[in-house]
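Hydrogens, waters and symmetry mates are skipped; everything else that's a heavy atom, side chains included, is used.
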Amino acid sequence: MTSREIIMGLCLLALVLSLILMVVIRYISVVLVWILTAVVVVGSIGGTGILWWLYVDQSKSVNVTLPALELEVAKDNQKALLIYAIAATVFMVILLLLMFFMRKRVALTIALFHVAGKVFTHLPLLALQPVWTFLTLMLFWVYWITVLLFLGSAGSPVQNNQTGLVEFRMDGPLQYMVWYHAVGLIWISEFILACQQMTVAGAVVTYYFTRDKSQMPFTPIVSSVLRLMRYHLGTVVKGAFIITLVEIPRLILTYIHSQLKGRENACARCVLKACICCLWCLEKCLAYLNMNAYTATAINSTNFCTSARDAFFILAENALRVAAINSVGDFVLFLGKVLIVSCTAFAGVLALNYQREYTVWVLPLIIVCVFAFLVAHCFLSIFEIVVDVLFLCFAIDTKYNDGSPGREYYMDKALMEFVENTRRATERYSKVEGESREMKSMVS
């Protein structure tokens, strides 16, 4: 509560940084990868150095002649800065190693982000989708909590003899309404997120498969929403229900694991963790397949099962290409999230460093960093969805078109150059590898 002004200011800073990053993605997507790479490298090295400098400065300011309480606070701050500096150093080393091994794929990511940036240029309302989704989720959660409070006062009033208070006990089918209400929370939350994915997929598909961009609808986002409400609500409901079927057992196992902590043996604990991990992986795989199924639905207007099957086979045919490009794209977006969280946390450390009377720094920084990550994730997830939709469209485009007259590609020229360069590099590598294996005669 003492540092609430600083917390609110840093949360606002995270929101502003996320919006700035979205503007950067929209207008200078070609150099985005290089900017993020350079800023993250310089920021990680500089931030680590400044944390060590703050630790040394705090150590010099500690005076043994201070009162016992102030001396204890100063030593706690010094210890916290040391922990932050060591953690930042380890993080910097890991980040630099990852960037070193991913350096050869930077050129592929530039081409990918260039095409995605053009989508945001033609569809600027895409950047506002996280806002509408967040507001919709907030309204639903308010409704859900209100109904939960009504359920808490439902049933027959019974006086507790020990406390003298009146309690409401639900009997019969009414006692299962809480569980029904909890399942509805998960299902409808996933449904709202799926509606966002379907809306973005429909708008991007319209952009991709329109040769003359001047002939696009005036508001592709609104057109996509209307198509969703008229034709594809069942598809979205079914996709959200599949995720719910996997998420509920995972949450139940997680709750059981937390309740049995310290009571179960090592074998049971290992089995529970393995089951939770497997369900989490299955949930992520199904979520990715659902996203591509929504894209296939937006392209072909087929039902959910047919779209999921078509998307699965198309992704399987292009598994290596899609995996390589998506891994680099996800890594770059992860760098963007790291950049926003790091800048917010760094500003928080500087702000709290001049408030030496605060006894605890950890809680305000944790709150700020969590909020910054959530905001960055909400905005950059839209860019990630656009990337996934573009590559499924690209895979379908290359499957049914070959560039000949009458079967021209729909893809952007930058994506054509990217594919051509990749093909040439693969052919060059195959040729060199074949020559290296060929036995040649000895010459004088």
task: Determine whether Tyr55 and Tyr84 make a side-chain contact, defined as any pair of heavy atoms from C-beta on separated by less than 4.5 Å.
output: no

query: Phe313: what forms a side-chain contact (heavy atoms from CB on, under 4.5 Å) with it, not counting sequence neighbours?
result: Arg309

- prompt: Would you say Trp144's side chain and His181's backbone share a donor-acceptor pair under 3.5 angstrom?
  reply: yes

statement: Sorted by chain and residue number, the ring-ring contact (aromatic ring centres under 6.0 Å, His included) partners of Phe150 (sequence neighbours excluded) come out as none

- prompt: Considering residues at least two apart in sequence or located in another chain, which fulfil the side-chain contact (heavy atoms from CB on, under 4.5 Å) criterion with Ser153?
  reply: Phe168

message: Can you tell me how far apart SG (Cys393) and CG (Asp388) are? Round to the nearest 0.5 Å.
response: 11.0 Å

task: Could you pull out all residues at least two apart from Cys378 that satisfy side-chain contact (heavy atoms from CB on, under 4.5 Å)?
output: Pro130

message: Tell me whether Trp132 at atom CH2 has more than 12 heavy atoms from other residues, nucleotides or ligands lying less than 6.0 Å away.
response: no

message: Among residues at least two apart in sequence or on other chains, which ones pass salt bridge (charged side-chain N to carboxylate O under 4.0 Å, His left out) with Lys399?
response: Glu317

- request: Let me see the working for Tyr208 and Asp397 under side chain to side chain donor-acceptor pair (under 3.5 Å), right down to the final yes or no.
  value: CA-CA 10 Å; Tyr208 188 95; Asp397 192 11; 3.1 Å; yes

Output side-chain donor-acceptor pairs under 3.5 Å for residues 216-224, partner residues at least two apart or in another chain, one line each.
from	atom 1	to	atom 2	distance (Å)
Ser223	OG	Thr219	O	3.2
Ser224	OG	Thr199	O	2.8

query: Considering residues at least two apart in sequence or located in another chain, which fulfil the ring-ring contact (aromatic ring centres under 6.0 Å, His included) criterion with Phe134?
result: none

message: Just to verify, what does Phe379 make a ring-ring contact (aromatic ring centres under 6.0 Å, His included) with, not counting sequence neighbours?
response: none

Counting only pairs under 3.5 Å, give me each side-chain donor-acceptor contact of residues 243-253, with atom names and distances, residues two or more places apart or in other chains.
from	atom 1	to	atom 2	distance (Å)
Thr244	OG1	Ala240	O	2.8
Arg250	NE	Glu283	OE1	2.8
Arg250	NH2	Glu283	OE1	3.3

query: Can you name the residues that form a ring-ring contact (aromatic ring centres under 6.0 Å, His included) with Phe373, not counting sequence neighbours?
result: none

- prompt: Is a side-chain N or O of Asn292 found less than 3.5 angstrom from the main chain of Ala311, in a donor-acceptor match?
  reply: no

field: Residues that Gln196 engages under side chain to side chain donor-acceptor pair (under 3.5 Å), provided they are two or more places apart
entry: Thr133

statement: Those residues at least two apart in sequence (or on a different chain) that pass side chain to side chain donor-acceptor pair (under 3.5 Å) with Lys238 are none

